[in-house]
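Letters A, B, ... are given to chains in the order of the sequence lines, protein chains preceding strands, and every chain is numbered from 1.
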Amino acid sequence: MTLYVLKRIVAAFFTLVLIATITFFLMNAIPGSPFMTDKSTPEQIAKANAKYGLDQPLPVQWWRYMTNYLRGDMGVSLKMQEGTEVTKILFGQGKFELSIRVGLWALLLAIVLGIPLGCIAAYNRGKAVDSVLRVLTTFGVAVPSFVFATLLLLIFAVHLKWLPVLSNSLETPASYVMPVLSLALYPSCYIAKLTRTSMLDAINQDYIRTARAKGLKTRRIIFKHALRNSLIPVITYLGPLAASIVTGGFVVETTFSIPGLGKYFISSILNRDYPVIMGTTVVLAALIVIMNLVVDIAYKIVDPRITLTAKED
Amino acid sequence: MSEFQAEKKVLLEVKDLKVSFFTHAGEVKAVDGISYTLRSNEVMGIVGESGSGKSVEAYSIMGLLQSPGKIVGGSVHFDGEDLLAYTPDQMTEFRGNRASMIFQNPMTCMNPVYTVGDQLIEALRSHRKDISREEARKRAKEMLEQVGVNNPERRLDQYPHEFSGGMRQRAMIAMALICNPELLIADEPTTALDVTIQEQILELMKTLKGRNNMSIIFITHNLGVVAEICDRVSVMYAGHIVEQGSVNDIFYQPKHPYTKGLLASMPRMDMVEHERLIPIDGTPVDLLDPPKGCSFGPRCRYCMKVCLNNPPPAVAVGEDNHVCACWLQVKEMLRQKEGEQLE
């Protein structure tokens with residue numbers, strides 16, 4: 001197990017190098033420069049390029065990125081917060097933390113809501129409850145988060161005035177409500193659908209019949225015997241979801257004006273702020289890689305038949 | 001033998017049980033009026049081909065029938081109590097406690113994500129709530145030992161996929177018997193196992209039957225298995241019991257053409273080498289549209305006019321509750337009566 005994790009960490013390192021390389025060349029392929037404005041002259045741009053080493057050939061720049069990253073140096077912002085270290089922008093100013101905070105709550109809500117709803121739908125298959133849930137979850141999967149977020153804003157902030165319009169830095173619990181809800185809508189509905197499908201599959205298995213023949217109560221059969229067997233597809237989805245919920249919060253962060261990472265990521269691309277683009281990409285890629293590792297280990301915990309390494313067989 | 005059996009108490013009495021599946025295509029009469037009694041410590045074999053209703057009948061007794069299946073008539077009495085009148089909660093308490101069931105495919109019948117010990121302990125503790133986990137574990141270990149699983153202490157903590165097929169069926173039996181049920185329903189328990197393991201499992205069931213003083217309903221399509229373990233046999237065809245009797249009567253004095261056909265289609269040790277087996281012609285009936293008369297009529301080589309229009313009554317054809325539902329037997333009976341009168 002330890003060996004397996006070590007192996008995966010080594011593999012993860014190469015994955016990250018690859019992602020950073022691809023991002024580096026892609027971002028340099030976009031026309032434009034961080035120093036290009038309406039007023040800047042070609043001389044000024046050339047001077048700034050020379051100052052930050054952007055005048056050197058791409059492979060040289062790439063090598064510099066890689067070696068600096070190994071030392072934990074992500075460079076400095078070229079434009080958005082000129083001269084500030086990228087590590088400080090990402091971790092020091094609470095951006096990452098804000099996104100994580102909203103993201104984790106949304107993830108938690110999606111799981112706590114999605115899995116039981118899926119169980120209920122599967123258990124009441126074909127009945128009214130199932131139909132209502134199917135309509136609701138299809139709605140949740142289909143509606144874009146900005147529509148839902150705007151709807152929430154209109155109802156709870158503008159008309160009812162229960163919740164603040166701007167969430168900003170999430171100082172009060174009330175400011176969490178709408179961002180978390182809008183972020184959790186899609187994943188919770190998707191998880192509910194996923195759980196329903198795999199639960200229905202599990203319910204028709206022979207071991208469920210055995211459990212009934214043993215005289216177990218329905219609740220125990222559903223939540224002990226069927227649920228654990230139907231969790232595999234859900235876990236598979238949870239890995240990428242956890243990462244994307246943090247990164248994909250751009251729309252929601254913009255709607256509620258939360259100065260999070262998602263929002264900053266998009267503006268860094270628009271501004272061609274190369275070191276910030278590289279920094280955010282690598283951090284998010286690392287997050288996804290870690291989540292995938294966590295998912296693979298979670299498989300093993302949920303289903304003892306799964307072996308992580310060939311040797312364990 | 002009949003006197004001896006009459007003394008034993010009746011454990012299960014099934015009367016005119018009818019089970020239908022309400023599908024889009026119409027009502028499928030899977031079980032159409034079957035009756036039998038099972039005494040304590042008796043093994044009743046139910047034989048029949050696929051789709052003859054033998055499993056459905058067993059599921060109905062256990063209350064395991066699932067939609068669109070429904071019991072539409074008849075009664076089931078267990079130890080004098082009407083099972084069909086039980087509430088769902090009472091039925092849950094009944095299952096696994098007073099009557100247990102084991103199934104055909106031991107490979108898929110245990111939950112793959114829990115240890116065998118966990119599943120055994122769960123079966124016990126769901127009915128005996130006062131038993132502590134440690135005690136339950138001890139009992140589970142004893143049960144595994146009883147069914148011949150080696151090294152039970154270690155085996156308890158293993159998962160089903162670490163057991164072989166035969167071992168899993170043993171564990172299933174241990175699980176079914178952990179609450180000392182009075183009735184065990186075995187739904188083709190040996191079908192998925194190879195012959196040597198089949199033999200071991202049958203031996204085990206015989207031993208456990210004697211030790212725990214329980215009755216067994218043994219569902220199978222394998223007549224060899226029936227001969228080995230059963231006291232009485234019911235032969236089912238298209239939802240009806242066509243013949244019922246002691247194992248000797250069924251094997252040595254079969255009366256119903258279907259029973260005879262089944263026996264003739266089975267290889268025997270005393271057969272000449274390369275001798276052909278005799279199949280039963282035709283295909284099983286469509287239960288959506290069963291024949292008006294005898295369900296076996298269309299395939300029967302002795303079929304008469306009366307067979308096609310009227311369902312045959314069950315008549316006693318010998319001692320020891322040997323019953324057969326066939327117009328030929330009715331005819332035979334009438335002829336005998338006439339003969340007696342003439343004399």
List the steps and the verdict of side chain to side chain contact (heavy atoms under 4.5 Å, CB included) for Arg209(A) and Tyr59(B).
CA-CA 10 Å; Arg209(A) 188 183 56 193; Tyr59(B) 284 20; 2.7 Å; yes
[X] versus chain A, heavy atoms under 4.5 Å apart: side chain, backbone, both or neither?
| X | value |
| --- | --- |
| Gln66(B) | side chain |
| Met172(B) | side chain |
| Thr92(B) | both |
| Phe94(B) | neither |

Residues 107-127 of chain A: residues contacting chain B (heavy atom under 4.5 Å, by number)
none
Anything in residues 102-117 of chain B with a heavy-atom distance to chain A below 4.5 Å? Please list those residues in order.
Phe103(B), Asn105(B), Thr108(B), Cys109(B), Met110(B), Asn111(B), Pro112(B), Val113(B), Tyr114(B)
Max heavy-atom pairs within cutoff under 4.5 Å with chain A, candidates His161(B), Glu162(B), Met175(B), goes to His161(B)
So which of Met62(B), His127(B), Glu93(B) has the biggest tally of heavy-atom pairs under 4.5 Å with chain A?
His127(B)
Give me the atom names and distance for the closest heavy-atom approach of Ala213(A) to Met101(B).
CB-CB, 4.2 Å
Specify which of Thr218(A), Asp303(A), Val302(A), Leu216(A) makes the most heavy-atom pairs with chain B at under 4.5 Å.
Leu216(A)
Counting heavy-atom pairs closer than 4.5 Å to chain B, which one of Gln205(A), Lys217(A), Arg220(A), His225(A) comes out on top?
His225(A)
Residues, nucleotides or ligands: over 12 heavy atoms within 6.0 Å of Arg211(B) CZ
yes
Lys214(A) side chain reached by Arg95(B) side chain, heavy atoms, under 4.5 Å
no
Please set out all donor-acceptor pairs under 3.5 angstrom arising from side-chain atoms of residues 177-186 of chain B, sequence neighbours excluded.
unit_1    : atom_1 : unit_2   : atom_2 : d
Glu182(B) : OE1    : Arg98(B) : NH2    : 3.2
Glu182(B) : OE2    : Arg98(B) : NE     : 3.0
Glu182(B) : OE2    : Arg98(B) : NH2    : 3.4

Can you list the residues that meet the salt bridge (charged side-chain N to carboxylate O under 4.0 Å, His left out) rule with Asp157(B), with sequence neighbours excluded?
Arg137(B)
